[in-house]
Amino acid sequence: MNSFTTPPQFAKVASRILAGSFLFEDLDPALLEQLSESATIKRLVDGDLLFEKGDPADGLYAVEAGKIRISSLSGSGKEIVLNVLAPGAVFGEIALLDSEPRTASARAVGPTRLLYISRDNFFEIFDRETELRRHITALLCRRLRWVSALLEDANFLDLTARLIKRLLWLAERHGGPDPEGIRIALPLSQQELGYMLGVTREAVNKKLRELEKAGLITRRDGRLVIRDKDGLAELLADASKS
């Protein structure tokens, strides 16, 4: 893994990535420019560990190319994948803000390029900009709601419903037009989907085949295509009522 100062010509690219992220969307362009100019670039190869759960917080990251797998280990040593982050995703904000150790591990999936803003650089801007502080406070409230929803899903929904909810979320965040419906551009293996849902690849494959047989999805060229979004939503609604 290596890093170097962001070249001036990359500042606009960095600003675009940050602007499209959950963390900095709708942030004032002048503040985005300040953050972008403070960024450096990190490059990782497949399997590189960016940071491990328990590591001290060093800064904030954004995926410019490639993917980052966020995971944690249970007491028995089982890996649970909390998320797989695609280009445009910003992560590491929890440990950045509270100075506590990292709450999960992050590892590269394939060749990956990241934007990195050090903790010192971030707080130099954060401490003097009231608008940025208000923005981050609102973000953390939304993140808490998201975590609460995950806990509810794990306790109240069966695997089929959790899978459908994840597919609909992926379609919303990474979907594009396709002759058969909505194509999920993010390449995700069945193993990665299984990690996200806390189940085996075999369990995910069985449920995907059931949805495919029902005409709700199809799989083509390593990508998932949502053929009937409304049908999936209805199935999810029925499962949520039971």
Side-chain angles (χ1 to χ4, degrees), residues 1-44 48-72 81-109 112-151 169 173:
M1 179 173 65
N2 56 71
S3 63
F4 51 86
T5 303
T6 308
Q9 64 270 24
F10 197 76
K12 290 184 178 179
V13 177
S15 183
R16 174 179 56 80
I17 293 170
L18 295 177
S21 73
F22 173 70
L23 186 61
F24 297 118
E25 62 183 358
D26 301 324
L27 190 62
D28 182 86
L31 290 177
L32 279 173
E33 184 177 356
Q34 291 184 55
L35 291 167
S36 300
E37 290 175 349
S38 71
T40 58
I41 302 169
K42 288 183 181 285
R43 289 185 170 87
L44 297 83
D48 268 355
L49 181 68
L50 178 62
F51 55 75
E52 194 168 11
K53 182 177 180 179
D55 283 352
D58 60 343
L60 186 72
Y61 294 91
V63 183
E64 196 272 322
K67 292 191 293 184
I68 290 288
R69 185 172 72 237
I70 305 296
S71 65
S72 185
V81 174
L82 305 174
N83 210 347
V84 177
L85 305 176
V90 175
F91 62 101
E93 69 279 2
I94 295 176
L96 171 79
L97 293 170
D98 67 9
S99 301
E100 294 295 319
R102 296 289 185 187
T103 58
S105 299
R107 191 177 295 274
V109 180
T112 299
R113 189 165 62 249
L114 303 170
L115 293 177
Y116 167 66
I117 302 174
S118 72
R119 192 170 189 277
D120 288 343
N121 286 344
F122 178 83
F123 273 99
E124 182 181 350
I125 301 170
F126 184 88
D127 287 344
R128 71 169 182 260
E129 298 290 351
T130 301
E131 182 180 344
L132 180 58
R133 295 197 296 273
R134 289 175 176 170
H135 183 88
I136 295 297
T137 299
L139 162 84
L140 293 177
C141 291
R142 293 198 299 271
R143 182 58 58 90
L144 283 172
R145 293 176 186 273
W146 178 72
V147 171
S148 296
L150 286 180
L151 291 173
W169 181 85
R173 295 295 298 270

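We count residues from 1, following the sequence as given.
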Strictly by modelled atom types, are Lys53 and Ser72 linked by a side-chain donor-acceptor pair under 3.5 Å?
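The criterion, which ignores hydrogens and geometry beyond distance, is satisfied for Ser72 and Lys53.
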Would you sort out whether Phe91 and Leu50 count as a side chain to side chain contact (heavy atoms under 4.5 Å, CB included), showing the intermediate values?
CA-CA 12 Å; Phe91 62 101; Leu50 178 62; 3.6 Å; yes
How far apart are the closest heavy atoms of [X] and [Y], and which atoms are they?
X: Ala57; Y: Arg119; value: O-CD, 4.2 Å
X: Ala108; Y: Thr112; value: CB-OG1, 3.7 Å
X: Leu32; Y: Leu27; value: CD1-O, 3.8 Å
X: Gly54; Y: Pro101; value: O-CB, 3.3 Å
X: Ala104; Y: Leu82; value: CB-CD1, 4.0 Å
X: Pro87; Y: Ala65; value: CG-CA, 4.1 Å

I'd like to know whether Val81 forms a side chain to side chain contact (heavy atoms under 4.5 Å, CB included) with Ile70, so could you lay out the CA-CA distance, the side-chain angles of the two residues, the decisive distance to 0.1 Å, and finally the verdict.
CA-CA 6 Å; Val81 174; Ile70 305 296; over 6 Å; no
Nearest 0.5 Å, what's the [atom1]-[atom2] distance between [X] and [Y]?
X: Asp28; Y: His135; atom1: CG; atom2: NE2; value: 11.0 Å
X: Glu129; Y: Leu35; atom1: CD; atom2: CG; value: 9.0 Å
X: Arg16; Y: Glu64; atom1: CZ; atom2: CD; value: 7.5 Å
X: Ile117; Y: Glu93; atom1: CD1; atom2: CD; value: 12.0 Å
X: Glu52; Y: Ser71; atom1: CD; atom2: OG; value: 9.0 Å

Hey, does the side chain of [X] reach the backbone of [Y] with a donor-acceptor pair shorter than 3.5 angstrom?
X: Asn121; Y: Ser118; answer: no
X: Ser15; Y: Ser36; answer: no
X: Arg102; Y: Gly92; answer: yes
X: Asn83; Y: Leu85; answer: no

Before accepting this row, confirm whether a basic side-chain N of the pair Asp48/Lys42 lies closer than 4.0 Å to the acidic partner's carboxylate O.
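Result for this pair is no, no salt bridge flagged.
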In the structure I gave you, are the side-chain heavy atoms of [X] and [Y] within less than 4.5 Å of one another anywhere?
X: Arg128; Y: Gln34; answer: yes
X: Ile41; Y: Tyr116; answer: no
X: Phe24; Y: Leu132; answer: yes

Relative to the ring of Tyr61, is the ring of Phe51 parallel (under 30°), tilted (30 to 60°) or perpendicular (over 60°)?
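Phe51 and Tyr61: tilted rings.
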Take a 6.0 Å sphere around CZ of Arg134 and say whether it holds more than 12 heavy atoms from other residues, nucleotides or ligands.
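It does not: Arg134 CZ has 12 such atoms or fewer within range.
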Can you establish whether the number of heavy atoms outside Arg133 located under 6.0 Å from its atom CZ is more than 12?
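Enclosed: over 12 neighbouring heavy atoms sit under 6.0 Å from CZ of Arg133.
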Matching residue for Leu115 among Val63, Leu60, Ile17, Val90 - test: side chain to side chain contact (heavy atoms under 4.5 Å, CB included):
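Passing option: Ile17.
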